[in-house]
Amino acid sequence: MKRFKDYIKNLFDYQIGRRVLWFEVPMNCRTREAKDEIILATIETLERTININNYE
């Protein structure tokens, strides 16, 4: 039973560690409005992509 628990624990650690989201964003903007648009678009994308897992 201990080996099974260790296997499950390692499996979850492996799966959680692999879920990474990478963004490429410009480092220079011409205006403050362009910078704000990039920030807001990134936040909206993260809100749609990230799932909340309730363990309760």
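Listed by first and then second residue, the salt bridge (Lys or Arg N to Asp or Glu O under 4.0 Å) pairs that reach into residues 21-32 are Arg32-Asp36, sequence neighbours excluded.
In this structure, Ile38 CD1 and Ile43 CD1 are separated by 12.0 Å, a value rounded to the nearest 0.5 Å. Interatomic distance, OG1 of Thr42 versus CD of Glu37, reported as 9.5 Å (0.5 Å rounding).
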